[in-house]
Amino acid sequence: MAKNRRSRPRLSPELPKRRAQPAPVHVRAPGRPSPAPQPVPPPAPSPSHLQAVALYESGLEALQRHAFDAAAASFREVLNRYPEEREIHERARLYLKVCERQVIARPEPPRTVEERLLSATVALNSGDFDGALSHLGRVEAEDPENDHAQYMLAVIAVARGQLPRSIEHLRRAIELNPENRGLARQDADLEPLRGDESFRALVEPAPGAAPPRRRKLRPAR
């Protein structure tokens with residue numbers, strides 16, 4: 001009789017051990033930037049800051065119009081009223097210096113007839129006929145019988161080719177002061193009038209008149 005074999009308990013096959021899965025790696029699509037951190041909003045500007053900026057900008061507008069006095073006043077007010085606005089102060093001081101240089105360089109306007117005649121002479125000698133006419137117009141309004149102004153108006157009219165107008169101004173200048181007759185006779189600025197009969201009649205000395213005294217009305221050019 002066969003020996004009974006000892007039966008062994010059947011073991012269930014051992015399941016393979018599962019390896020630990022690595023954590024998923026999220027790969028960002030190429031070309032897509034990472035989101036930037038959200039900036040912290042700056043604090044709202046104070047009312048005094050807004051006022052300082054508005055005053056500073058009004059100074060810049062005046063500076064662009066060449067209103068240097070008004071611009072300088074605005075920049076000084078920014079410096080005096082808003083000492084805490086240091087960033088604005090730096091620019092305000094810079095433009096204030098520009099305004100002050102312009103004001104110092106600007107000549108004082110003529111206030112008297114003599115000063116206007118001198119300014120007209122300087123403008124005439126430099127070829128600024130419009131500037132000379134502006135000064136002489138003020139002289140005519142204040143002193144209609146000023147022979148210097150009439151003589152210079154005659155010179156300007158010749159330079160602009162307005163010969164009939166020049167004759168009229170010269171006639172008036174001689175009526176107001178006969179000494180202008182001798183001056184006109186020798187004045188090279190009136191050379192284009194030499195061939196005009198009216199001019200010759202004006203500059204010829206009157207019969208029996210004393211020789212005119214020469215005087216210098218305008219600086220030599």
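Residue Ala154 comes nearest to Leu170 through the heavy atom pair CB-N, 3.7 Å, listed as atom of the first residue, atom of the second, then distance. Contact detail for Ala123 and Gly131: the closest heavy-atom pair is CB-C, 4.1 Å.
With sequence neighbours excluded, no residue forms a side chain to side chain contact (heavy atoms under 4.5 Å, CB included) with Ser134. Under the salt bridge (Lys or Arg N to Asp or Glu O under 4.0 Å) criterion, Glu197 pairs with no residue, sequence neighbours left out. Qualifying ring pair (Phe, Tyr, Trp, His ring centres under 6.0 Å) partners for Tyr82, counting only residues two or more places apart in sequence or in other chains: none. His169 pairs by the side chain to side chain donor-acceptor pair (under 3.5 Å) definition with Gln150, not counting sequence neighbours. Asp143 pairs by the side chain to side chain donor-acceptor pair (under 3.5 Å) definition with Asn146, not counting sequence neighbours. Partners of Ala67 under the side chain to side chain contact (heavy atoms under 4.5 Å, CB included) rule, at least two apart in sequence or in another chain, are Ala62, Arg65, Ala70.
A salt bridge (Lys or Arg N to Asp or Glu O under 4.0 Å) check over residues 121-133, counting only residues at least two apart or in different chains, returns the pairs Asp130-Arg160. Sorted by first then second residue, the salt bridge (Lys or Arg N to Asp or Glu O under 4.0 Å) pairs that include residues 84-93, not counting sequence neighbours, number zero. Applying the salt bridge (Lys or Arg N to Asp or Glu O under 4.0 Å) test to pairs two or more places apart or on separate chains, those with a residue in residues 112-123 are Arg116-Glu142. Within the structure, salt bridge (Lys or Arg N to Asp or Glu O under 4.0 Å) pairs that include any residue of residues 71-80 comprise Arg76-Glu100, Glu77-Arg81 (at least two apart or interchain).
At a threshold of 4.5 Å between side-chain heavy atoms, the hydrophobic network of Ile, Leu, Val, Met, Phe, Trp and Tyr places Leu133 and Val158 in one connected group. Note: the hydrophobic cluster containing Leu96 also contains Val53 (ILVMFWY, side chain heavy atoms under 4.5 Å, direct or indirect links). Leu163 and Ile156 fall within a single hydrophobic cluster, where Ile, Leu, Val, Met, Phe, Trp and Tyr are joined by side-chain heavy atoms under 4.5 Å apart, directly or via other members.
The backbone N or O of Val203 sits less than 3.5 Å from a side-chain atom of Arg185, completing a donor-acceptor pair. Side-chain N or O atoms of Ser166 include none that pairs as donor or acceptor with a backbone N or O of Gln162 at under 3.5 Å. Looking only at distances, no side-chain donor or acceptor of Arg171 sits under 3.5 Å from a matching main-chain atom of Leu202. With Arg200 contributing its side chain and Arg194 its backbone, the two residues share a donor-acceptor pair below 3.5 Å.
Interatomic distance, OG1 of Thr121 versus NE2 of His135, reported as 10.0 Å (0.5 Å rounding). Note: Leu190 CG to Asp196 CG = 11.5 Å, rounded to the nearest 0.5 Å. Taking CD of Glu179 as the start and CD1 of Ile174 as the end, the distance is 12.0 Å to the nearest 0.5 Å. Atom CD in Glu140 sits 5.0 Å away from atom CG in Leu153 (nearest 0.5 Å). Of the inter-residue distances, the one linking Glu61 atom CD with Ser74 atom OG reads 9.5 Å to the nearest 0.5 angstrom.
Asn177 and Tyr151 share no donor-acceptor pair across their side chains, judged by distance under 3.5 Å alone.
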Run the numbers on Met152 and Leu136 for side-chain contact (heavy atoms from CB on, under 4.5 Å), then give the verdict.
-> CA-CA 8 Å; Met152 280 193 281; Leu136 293 174; 3.8 Å; yes
After noting the C-alpha distance and the side-chain angles of Val98 and Phe75, does the key distance pass the side-chain contact (heavy atoms from CB on, under 4.5 Å) rule?
-> CA-CA 11 Å; Val98 173; Phe75 295 134; over 6 Å; no
When you look at Glu168 and Arg165, which way does the salt bridge (charged side-chain N to carboxylate O under 4.0 Å, His left out) test go after all the steps?
-> CA-CA 5 Å; Glu168 292 304 316; Arg165 177 176 295 183; over 6 Å; no
Could you go step by step and tell me if His89 and Val78 meet the side-chain contact (heavy atoms from CB on, under 4.5 Å) rule?
-> CA-CA 7 Å; His89 278 199; Val78 170; 4.2 Å; yes
Where do Ile88 and Leu79 land on the side-chain contact (heavy atoms from CB on, under 4.5 Å) test, with the steps shown first?
-> CA-CA 9 Å; Ile88 301 178; Leu79 297 173; over 6 Å; no
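Heavy-atom neighbours of Glu145 CD from other residues, nucleotides or ligands within 6.0 Å: at or below the threshold of 12.
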